[in-house]
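Worksheet: one structure, shown below.
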Amino acid sequence: KADEIRMIRRAIDKTHRPIVLSLSPGPTNLSHADEVGSLAQMWRISNDVWDYWVNPRPFPVAVSSQFARLAAWAKYAKPGNWPDADMIPLGELRPSPGDGRARTTRLTPAEQQTLLTLWSIGRSPLVLGANLTLLDDPTRKLLTAPDVLRIDQAATASREALHTGATIAWVADLPAKLPAGLPPALHPAKHSDADGATKALALFNSGDSPVTITDSFSAYGLDAATYKVTDAWSGKSLGKMKSVDNLTLQPHSSVLWLLKK
């Protein structure tokens with residue numbers, strides 16, 4: 001397959017046109033990270049992901065399995081290189097999904113938001129695996145949250161910052177100036193707390209029981225400072241915070257915050 005990919009790369013280069021090469025060979029091994037990054041812009045990091053939080057079978061891959069994979073691949077995500085956590089199995093999976101019968105996604109609302117939070121802060125390509133003609137309003141809102149999409153599209157670095165039991169934290173760096181070409185809808189409203197935010201913080205509960213988080217921001221590798229915090233999902237200001245204080249997350253749920261000093 002490596003020879004075939006190199007042949008495709010050479011053919012694309014000869015066109016002198018901006019063409020994205022997305023590879024879907026199944027799970028790419030980390031040992032091939034540099035090579036695949038030199039040949040393609042996007043590549044799959046796992047087998048097919050379907051709408052399971054956990055799956056006792058080895059195939060297909062469950063959403064909770066992607067925490068470790070995205071963490072391992074995070075350092076290889078950069079402009080022009082995007083490790084792909086696979087399609088997003090939300091909404092109506094019909095008429096002929098690749099796993100089981102036609103259905104509405106089996107993921108709960110909390111799990112759907114957590115999937116998109118993880119994919120976005122992990123800077124994965126966002127490829128929807130649903131019937132676009134049957135999108136309902138809740139699914140559409142999940143897929144079009146501007147601050148969440150801005151993190152996915154504009155973050156300059158991201159990494160898993162803490163993993164203790166079921167509690168997982170990710171941090172992303174946001175540019176002071178958004179890159180050219182970013183759609184206007186993804187620009188934060190002027191004078192909002194999200195305008196000028198330079199960090200994103202995602203907190204996850206990957207377990208089956210509620211967890212309560214009390215941590216300093218420095219526990220996540222952030223400056224010990226007071227931040228103006230915006231909920232990236234709702235766009236609402238959460239005020240100023242010196243730390244994460246008694247935040248309770250229900251099973252499989254998450255929060256995604258924009259931080260501005």
Side-chain angles (χ1 to χ4, degrees), residues 30 33-34 37 45 63-83 85 113-124 126 145 147-179 188 192-207 210-234 236-249 252-261:
L30 275 168
D34 291 333
I45 63 173
V63 172
S64 61
S65 301
Q66 299 302 73
F67 283 100
R69 289 190 178 92
L70 278 165
W73 279 99
K75 65 181 180 180
Y76 299 104
K78 60 185 179 182
N81 280 167
W82 310 112
Q113 181 171 305
T114 290
L115 182 156
L116 282 167
T117 297
L118 178 61
W119 264 237
S120 294
I121 203 161
R123 294 180 291 161
S124 171
L126 302 179
D147 286 331
V148 178
L149 295 175
R150 183 161 63 95
I151 292 166
D152 178 79
Q153 298 291 297
T156 56
S158 61
R159 59 269 180 200
E160 185 183 80
L162 180 146
H163 191 160
T164 303
T167 303
I168 301 171
W170 274 70
V171 170
D173 302 331
L174 301 176
K177 184 177 180 180
L178 292 177
S192 75
D193 285 345
D195 184 21
T198 58
K199 300 289 182 182
L201 172 64
L203 298 170
F204 301 93
N205 176 8
S206 63
V211 298
T212 298
I213 302 171
T214 297
D215 276 323
S216 65
F217 286 119
S218 61
Y220 311 125
L222 297 168
D223 292 341
T226 298
Y227 294 91
K228 293 181 178 179
V229 180
T230 301
D231 183 326
W233 279 105
S234 68
K236 294 180 180 178
S237 172
L238 302 180
K240 295 182 178 181
M241 296 186 187
K242 294 182 179 180
S243 62
V244 181
D245 188 20
N246 288 319
L247 172 69
T248 298
L249 292 178
H252 312 170
S253 69
S254 59
V255 296
L256 181 57
W257 293 345
L258 293 163
L259 307 181
K260 175 184 176 182
K261 287 186 181 178

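The figures that follow rest on heavy atoms only: side chains count, while hydrogens, waters and symmetry mates do not. It should be emphasised that the depicted structure is a prediction, and the values quoted were computed from it without experimental measurement.
For the residue pair G207 and A166, the shortest heavy atom distance occurs at N-CB, 3.5 Å. Nearest heavy-atom pair, A154 versus P175, reported as atom, atom and distance to 0.1 Å: O-CD, 3.2 Å. Here the shortest heavy-atom pairing between F217 and M241 reads CE1-O, 3.5 Å. Scanning both residues, G122 and L70, for their nearest heavy atoms gives O-CD2, 4.2 Å. Residues A202 and L256 share a closest heavy-atom pair of CB-CD1, 3.8 Å. Across L258 and A200, no two heavy atoms sit closer than the pair CD2-CB, 4.4 Å.
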Report the C-alpha separation of Y227 and W257 in whole Å, then their side-chain angles, then the decisive distance to 0.1 Å, and conclude whether the side-chain contact (heavy atoms from CB on, under 4.5 Å) test is met. CA-CA 11 Å; Y227 294 91; W257 293 345; over 6 Å; no
Going through the checks in order, is the side-chain contact (heavy atoms from CB on, under 4.5 Å) test met by L118 and Q66? CA-CA 8 Å; L118 178 61; Q66 299 302 73; 4.2 Å; yes
Using the rule given for side-chain contact (heavy atoms from CB on, under 4.5 Å), can you reason through L259 versus L222, listing the C-alpha separation, both sets of side-chain angles and the distance that settles it, and then say yes or no? CA-CA 10 Å; L259 307 181; L222 297 168; 3.6 Å; yes
The test is side-chain contact (heavy atoms from CB on, under 4.5 Å); show your working for V244 and L203 and say whether it passes. CA-CA 10 Å; V244 181; L203 298 170; 4.0 Å; yes
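Under 3.5 Å, the side chains of W233 and T117 contain a donor-acceptor pair of N or O atoms. For the 3.5 Å distance criterion, the side chains of R150 and Q153 fail to qualify, holding no donor opposite an acceptor. With hydrogens and angles left out, the side-chain atoms of N205 and S253 include no donor and acceptor closer than 3.5 Å. For the 3.5 Å distance criterion, the side chains of S206 and S64 fail to qualify, holding no donor opposite an acceptor. Under the 3.5 Å distance criterion, with hydrogens and angles disregarded, no donor-acceptor pair is assigned to the side chains of N81 and Y76.
The distance from atom CH2 of W170 to atom OH of Y220, rounded to the nearest 0.5 Å, is 15.5 Å. Going from atom CG of L249 over to atom OG1 of T167 covers 7.5 Å, rounded to the nearest 0.5 Å. Between atom NZ of residue K236 and atom CG of residue D231 there is a gap of 8.5 Å, rounded to the nearest 0.5 Å. Atom CG in D245 sits 5.0 Å away from atom OG1 in T214 (nearest 0.5 Å). In this structure, CZ in F204 is found 13.5 Å from NE2 in H252, a value given to the nearest 0.5 Å. T164 OG1 to L162 CG: the interatomic distance, rounded to the nearest 0.5 Å, is 4.0 Å.
No donor-acceptor distance shorter than 3.5 angstrom exists from the side chain of T230 to the backbone of A232, with no hydrogens or angles considered. No donor-acceptor pair closer than 3.5 Å links the side chain of S216 to the backbone N or O of S243. Counting only distance, with no hydrogens or angles, the side chain of R123 and the backbone of A77 share a donor-acceptor pair below 3.5 Å. Without hydrogens or angle criteria, S124 side chain to A85 main chain gives a donor-acceptor distance under 3.5 Å. Looking at S120, its side chain never comes within 3.5 Å of a backbone N or O of I151 through a donor-acceptor pair.
Between D223 and K261 there is a salt bridge, since at least one side-chain N of the basic residue sits less than 4.0 Å from a carboxylate O of the acidic one. Ion pairing between a basic and an acidic side chain is recognised when a charged N comes within 4.0 Å of a carboxylate O; D173 and K199 show such pairing.
Between W73 and L30, some side-chain heavy-atom pair lies under the 4.5 Å cut-off.
When the options L126, T114, D152 are evaluated for a side-chain contact (heavy atoms from CB on, under 4.5 Å) with W119, the one that passes is L126.
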